[in-house]
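Everything on this sheet refers to the single structure shown next.
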Protein chains: 2
Amino acid sequence: MEKPQTRIQQRNQAAILSAGLNIFSQYGFRGSTLDQIAEAAGLSKPNLLYYFPSKEAIHSALLARLLDTWLDPLKAMDETGDPITEIMGYAQRKLALSRDYPRESRLFANEVLQGAPHIAEVLATDLKILVDEKAAIIRAWSEAGKVADVDPHHLIFSIWAMTQHYADFDVQVRAVLGDREPYDGASVFLDALYQRLLQP
Amino acid sequence: MEKPQTRIQQRNQAAILSAGLNIFSQYGFRGSTLDQIAEAAGLSKPNLLYYFPSKEAIHSALLARLLDTWLDPLKAMDETGDPITEIMGYAQRKLALSRDYPRESRLFANEVLQGAPHIAEVLATDLKILVDEKAAIIRAWSEAGKVADVDPHHLIFSIWAMTQHYADFDVQVRAVLGDREPYDGASVFLDALYQRLLQP
DNA sequence: TCTTGATTTGACCAACTGGTCAAACCAACG
DNA sequence: CGTTGGTTTGACCAGTTGGTCAAATCAAGA
């Protein structure tokens with residue numbers, strides 16, 4: 001289905017998406033301008049619109065690419081593995097995502113903050129289905145006495161909240177920590193937190 | 001120092017701040033327009049600018065009002081109280097703030113997401129000082145064996161993250177939960193989480 | 001080299017942006 | 001009732017916004 005791409009197309013589309021990610025993740029959709037993105041991508045505005053038909057199109061492409069990878073860590077949580085290891089592994093993978101892809105995290109945060117106008121449906125269908133499925137697994141684990149009996153949905157929310165916080169509120173975290181690096185301490189803390197919470 | 005205010009001034013300024021809170025908290029500073037705010041406030045744009053000299057002024061007024069009350073729950077954490085009760089009380093107060101003032105929470109989230117251009121200094125001074133002070137108290141508690149030995153800064157971050165998540169990602173939380181109410185479950189979960197984490 | 005299709009751009013547009021201003025309006029007090 | 005000072009507005013402005021288009025430029029295969 002993909003059309004063949006010239007090298008120039010690949011390079012410019014990549015540059016536009018990267019620039020768009022920088023801008024959109026900082027200012028949100030409405031707060032970002034094509035001129036900003038074009039300049040960040042090193043292209044003229046008409047040239048940018050030669051590769052993407054509209055501002056919306058760039059944003060949609062970014063969101064689509066994001067959602068694909070964003071849910072992977074949760075999908076990877078394995079029913080047959082050791083429960084506590086699986087949950088803690090998920091939390092650590094999600095934290096690594098915040099550390100390595102903070103812009104994507106902020107893009108997502110901006111979208112949801114603004115009421116998720118572009119992805120409300122995905123949240124209510126795909127995401128909900130995935131979460132309900134994994135929540136059922138966790139529930140089964142607690143009923144088998146393998147992890148503590150806590151609400152699985154709120155457990156998952158807590159992992160999202162804690163990990164995304166380090167990407168989305170990066171400025172605040174760093175302002176408070178001074179020059180200490182955030183992620184090492186976060187990783188240790190997460191470990192202790194869920195170790196203690198989940199022990200049956 | 002306050003100038004005397006007519007009833008009309010009070011009503012209109014309040015209307016503008018309320019409308020501004022609605023708009024800014026959803027679209028961020030750059031994504032919001034004076035026309036939107038004016039319409040939401042039921043005023044014409046020139047009339048709005050009769051009460052506030054600029055878009056910035058409305059935003060600043062909101063942020064100032066917010067910061068005042070936003071830090072109160074942390075300030076109220078009492079060195080002389082029972083450690084675990086104090087920390088869990090703080091978490092619950094912060095959660096109540098998210099439930100009762102979600103727009104304020106999102107206004108703050110938008111500001112920090114965009115790099116905190118208007119409040120970077122407050123974060124690096126007032127906030128840092130307050131957090132360092134409370135972190136020292138928590139550290140003393142753990143050294144006295146009254147609470148578990150966890151990094152106090154990351155403990156505080158975790159409370160911020162978990163409570164703000166329910167306001168800032170409200171759309172996502174509700175999409176996943178379906179028609180279940182979020183805050184009751186959140187309160188119970190928070191309680192279990194910190195009870196288990198903090199027990200020495 | 002020449003041609004063809006991909007790429008790039010300057011000029012342009014209508015709608016919208018934050019903000020101004022003089023004139024009109026209105027409430028209340030003497 | 002008339003005046004005075006607070007209030008409201010229509011018309012307006014310069015700069016910015018997302019987007020268009022024809023013409024110019026370029027890359028690469030025949």
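In this text the structure is predicted, and so the values were computed from the model without any measurement. Throughout, a chain's letter reflects where its sequence line sits, starting with A, and its residues are numbered from 1.
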- Among residues 34-42 of chain B, which contact DNA chain C at a heavy-atom distance under 4.0 Å? B:Leu34, B:Asp35
- Query: Tell me, which of residues 107-116 of chain A have any heavy atom that sits under 4.0 Å from an atom in DNA chain C?
  - Reply: none
- Task: Not counting sequence neighbours, list each pair that qualifies as a salt bridge (Lys or Arg N to Asp or Glu O under 4.0 Å) and has a residue in residues 144-162 of chain A.
- Result: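 Sorted pair list: A:Asp151-B:Arg180.
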- Note on the structure: Read 5' to 3' with Watson-Crick or G-U pairs under 3.5 Å, [ ] for crossing pairs and | for partners on another strand, DNA chain D gives ||||||||||||||||||||||||||||||
- Query: Of all residues at least two apart in sequence or in a different chain, which pass the side-chain hydrogen bond (donor to acceptor under 3.5 Å, both in side chains) check with B:Gln195?
  - Reply: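 None.
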When the distance from [atom1] of [X] to [atom2] of [N] is rounded to whole Å, what number comes out?
| X | N | atom1 | atom2 | result |
| --- | --- | --- | --- | --- |
| A:Lys55 | D:dG19 | NZ | C1' | 12 Å |
| B:His59 | C:dG18 | NE2 | C1' | 15 Å |
| A:Gln10 | C:dT7 | CD | C1' | 16 Å |
| B:Lys45 | C:dC16 | NZ | P | 11 Å |
| A:Leu49 | C:dT7 | CG | C1' | 14 Å |

For nucleotides 4-8 of chain D, tabulate all protein N/O to nucleotide N/O atom pairs closer than 3.5 Å, reporting atom names and distance.
| from | atom 1 | to | atom 2 | distance (Å) |
| --- | --- | --- | --- | --- |
| D:dT7 | OP1 | B:Thr6 | OG1 | 2.6 |
| D:dT7 | OP2 | B:Gln9 | NE2 | 2.7 |
| D:dT7 | OP2 | B:Tyr50 | OH | 3.4 |
| D:dT8 | OP2 | B:Asn12 | ND2 | 2.9 |
| D:dT8 | OP2 | B:Asn47 | OD1 | 3.3 |
| D:dT8 | OP2 | B:Asn47 | ND2 | 3.2 |
| D:dT8 | OP2 | B:Tyr51 | OH | 2.7 |
| D:dT8 | O5' | B:Asn47 | ND2 | 3.2 |

- Anything under 30° is parallel, anything over 60° is perpendicular, the rest tilted; go ahead and classify A:Phe108 against A:Trp70. tilted
- Any side-chain heavy-atom pair from A:Leu62 and A:Leu17 closer than 4.5 angstrom?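 With C-beta onward as the side chain, the pair touches.
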